Amino acid sequence: MRFLERERTTLAKLLPDLDPALRETPLMELERPGSPGVGHFRDSGGPGLLVPESHQGRGATALDALRVQRAIGSRSPSLAVATTMHHFSMATLVGLGDGLEWMLVEGVAAGNRIIASGFAEGRSGAGILDPSMTATATADGIRINGVKRPCSLARSMDVLTAGVVIPREDGQGDELAVALVPADSEGLSVSGFWSSTFLAGAESDQVTLTDVLVPPELVLRTATASGERLDELQTAGLIWFQVLMTGSYLGAASALVERVLLNERVPDHERVRLFVETEAAMAAAEGVARRVDGGDLDESALAQALCVRYGVQDALARIVPRAVELLGGLNFMTSDEVGHLAACANGLSLHPPSRSRMSAPLGAYLADGPLAIA
């Protein structure tokens, strides 16, 4: 087994045109605002990665998708992080799949449409479908107001998915729903937000919805009341998020490790040490992905996904500085690439739910309580 061989082989099988396009584009061009990376992803059929082949998608398993994200992250961390948000939205839609939902999913795959996530995964104490925007029911559909920032893929999206609370059709209270908002909707605007040079190619800007009308056929009801304990769909979505985001940042770190492994001046024992620790972290993430593929998407699987994600954060905190040190000052001083990759690889710890906020909920879970997301 060569380093990243399985990941790049999986990427070549599912999206054969993507890796050559990324490999031929300089890293810092892929990482800048206006990066061509998202276009390469679209042109290669990437939007349909998680869509079953029976619905015109690529039919990737969770294990496939994890490996694809690592392979992409090794070429462009920005693209890996951005596309994780697309896949997260798609996994949610596939989980809702029943009739109309499958038509929408098939349309995404067939048309290579980009989905941006307007879910509230960035807000403390919110489930993935809890509303970050307000919705008002009207005779023509629902009108949505609110802001999502940062919103990855803001500049390239075809559709924004947003969690909203709307009245139940039977009039018995409210329920959570997923609104699919076309990017060209009247009242939807995109403005600057992301100021950092790191992960700038992910298009993580601000999306504002001002009295945007969404017709009934683009509102997918979940039959879940706002504030209820995590239901199956939210639990599955959070597990997918942890797995794919972990793979993306492992990819960024792997880009540094690969440079070390190819440097014959670095002692063998140092190269092997980095290889072993990086592969051990990936193996842990693969264990969660295999559980997803086995249909095991319950509370204990989410707890494992969180533990693996936090464990990988710790591994990256050891792997990345050591790789930078072994590459030496000349590599660092003569190119922005090493410093950029090192900074990007640290981003996993910044995604919700943070370890600090999850310490008490995980402690309660270990004491046989239910798992809450802080």
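Here the structure is a predicted model, which means the values were calculated and not measured.
Put simply, OG1 on Thr278 and CD1 on Ile319 are 3.5 Å apart, with the number rounded to the nearest 0.5 Å. Between atom CG of residue Asp43 and atom CG of residue Asp17 there is a gap of 8.5 Å, rounded to the nearest 0.5 Å. Separation of atoms CG (Leu213) and CD (Glu186) is listed at 9.5 Å; rounding is to 0.5 Å. If you take OG1 on Thr235 and CG on Leu297, they are separated by 8.5 Å, rounding to the nearest 0.5 Å. How far CE of Met103 is from CD of Glu217: 10.5 Å, rounded to the nearest 0.5 Å. For the atom pair CG of Leu199 and SG of Cys344, the computed distance is 4.0 Å after rounding to the nearest 0.5 Å.
Here the closest heavy-atom approach between residue Leu160 and residue Ser117 is recorded as CD1-C, 4.0 Å. When all heavy atoms of Pro20 and Pro16 are compared, the closest pair comes out as CD-O, 3.4 Å. Taking both residues in full, the closest heavy atoms of Leu341 and Pro77 are given as CD2-CG, 3.8 Å, listed atom of the first, atom of the second, then distance. Nearest heavy atom pair, residue Ala65 against residue Ala60, reads N-CB, 4.5 Å. Scanning both residues, Gly201 and Ser35, for their nearest heavy atoms gives CA-CB, 4.1 Å. The shortest non-hydrogen separation linking Tyr365 to Ala303 is CE2-CB, 3.5 Å.
Residues Ser78 and Leu30 are not in side-chain contact: their nearest non-hydrogen atoms beyond the backbone lie 4.5 Å or more apart. Using a 4.5 Å heavy-atom cutoff, the side chains of Leu93 and Leu104 are not in contact. In this structure the side chain of Phe41 never reaches within 4.5 angstrom of the side chain of Asn112, judged on heavy atoms. The shortest distance between side-chain heavy atoms of Leu66 and Val68 does not fall below 4.5 Å. Side-chain contact between Thr208 and Gln206 is present, with at least one heavy-atom pair separated by less than 4.5 Å. Side-chain atoms of Val94 and Leu50, non-hydrogen and from C-beta on, never get closer than 4.5 Å to each other. Proximity of Ile142 to Thr136: side-chain heavy atoms (C-beta onward) are nowhere separated by under 4.5 Å. Under the 4.5 Å side-chain criterion, counting only non-hydrogen atoms from C-beta, Ile144 is not in contact with Thr134.
Side-chain N or O atoms of Ser185 include one that pairs as donor or acceptor with a backbone N or O of Pro182 at under 3.5 Å. For Glu203 (side chain) and Arg155 (main-chain N/O), a donor-acceptor pair under 3.5 Å exists by modelled atom type. At distances below 3.5 Å, not a single donor-acceptor pair connects side-chain atoms of Arg32 with backbone N or O atoms of Leu27. Proximity of a side-chain donor or acceptor of Thr25 to a complementary backbone N or O of Gly37 within less than 3.5 Å is not detected. Side chain of His86 to backbone of Pro47: a donor-acceptor contact under 3.5 angstrom is found. Under the 3.5 Å distance criterion, the side-chain polar atoms of Ser359 are matched with a main-chain donor or acceptor of Arg355. Formation of a donor-acceptor pair under 3.5 Å by the Ser89 side chain with backbone atoms of Met85 is found in this model.
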Leu11 vs Arg67, side chain to side chain contact (heavy atoms under 4.5 Å, CB included): CA-CA, chis, key distance, verdict: CA-CA 7 Å; Leu11 178 58; Arg67 290 175 174 172; over 6 Å; no
Trace of the side chain to side chain contact (heavy atoms under 4.5 Å, CB included) decision for Leu63 with Glu286: CA-CA 6 Å; Leu63 182 60; Glu286 288 184 340; 3.6 Å; yes
Residue pair Leu274, Arg322: steps toward the side chain to side chain contact (heavy atoms under 4.5 Å, CB included) verdict: CA-CA 8 Å; Leu274 278 182; Arg322 189 60 181 150; 4.2 Å; yes
Apply side chain to side chain donor-acceptor pair (under 3.5 Å) to residues Ser76 and Glu31 and explain how you reach the verdict. CA-CA 7 Å; Ser76 170; Glu31 293 299 291; 2.7 Å; yes
Go through the steps for Ser300 and Asp298 under the test side chain to side chain donor-acceptor pair (under 3.5 Å), then give the verdict. CA-CA 6 Å; Ser300 72; Asp298 61 9; 2.9 Å; yes
CA sep, side-chain torsions, deciding dist, call: Ile115, Leu180, side chain to side chain contact (heavy atoms under 4.5 Å, CB included): CA-CA 9 Å; Ile115 309 294; Leu180 286 86; 5.7 Å; no
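Between Asp205 and Lys148, none of the side-chain N atoms (NZ, or NE/NH1/NH2) sits under 4.0 Å from a carboxylate O, so this pair counts as no salt bridge. The existence of a salt bridge linking Asp268 and Arg273 is excluded, since no basic side-chain nitrogen approaches an acidic carboxylate oxygen closer than 4.0 Å. At a threshold of 4.0 Å, the pair Arg6-Asp64 does not count as salt-bridged, since none of the basic side-chain nitrogens sits closer than that to a carboxylate oxygen. Looking at Asp174 and Arg168, no side-chain N of the basic residue comes within less than 4.0 Å of a carboxylate O on the acidic one, giving no salt bridge. Salt-bridge formation is not detected for the pair Asp293/Arg290: no Lys NZ or Arg NE/NH1/NH2 atom is positioned less than 4.0 Å from an Asp or Glu carboxylate oxygen. A salt bridge links Arg318 with Glu277: at least one charged nitrogen is closer than 4.0 Å to a carboxylate oxygen. Ion pairing between Arg2 and Glu258 fails under the 4.0 Å rule for side-chain N and carboxylate O.
Between Phe275 and His269, the gap from one ring centroid to the other reaches at least 6.0 Å.
When the side-chain contact (heavy atoms from CB on, under 4.5 Å) test is applied to Asp368, no partner is found at least two apart in sequence or on another chain.
Cluster annotation: Leu350 is not connected to Leu316 through the hydrophobic network of ILVMFWY side chains, with a link wherever side-chain heavy atoms come within less than 4.5 Å. By the rule that hydrophobic residues join a cluster once side-chain heavy atoms approach within less than 4.5 Å of another member, Met157 and Val147 end up as members of separate clusters.
Residues Gln313 and Ser349 have side chains that never bring a donor and an acceptor to within less than 3.5 angstrom of each other. Between Glu7 and Ser74, the side chains place no donor N or O within less than 3.5 Å of an acceptor N or O (distance only, hydrogens not considered).
None of Asn263, Val257, Val266 except one satisfies the side-chain contact (heavy atoms from CB on, under 4.5 Å) rule with Leu326; the exception is Val266. The only member of Arg75, Arg8, His40 that meets side-chain hydrogen bond (donor to acceptor under 3.5 Å, both in side chains) when paired with Asp19 is Arg75.
Sorted by first and then second residue, the ring pair (Phe, Tyr, Trp, His ring centres under 6.0 Å) pairs involving residues 180-218 (not counting sequence neighbours) are Phe198-His340.
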Please list every donor-acceptor pair under 3.5 Å in which a side-chain atom of residues 237-255 meets a protein atom from a residue at least two apart or in another chain.
| from | atom 1 | to | atom 2 | distance (Å) |
| --- | --- | --- | --- | --- |
| Gln242 | OE1 | Arg309 | NH1 | 3.0 |
| Thr246 | OG1 | Gln242 | O | 2.6 |
| Ser248 | OG | Gln69 | NE2 | 3.4 |
| Ser248 | OG | Ala80 | O | 3.3 |
| Ser248 | OG | Thr84 | OG1 | 2.9 |
| Ser248 | OG | Leu244 | O | 3.0 |
| Tyr249 | OH | His351 | NE2 | 2.7 |
| Ser254 | OG | Arg70 | NE | 3.0 |
| Ser254 | OG | Arg70 | NH2 | 3.0 |
| Ser254 | OG | Leu250 | O | 2.6 |

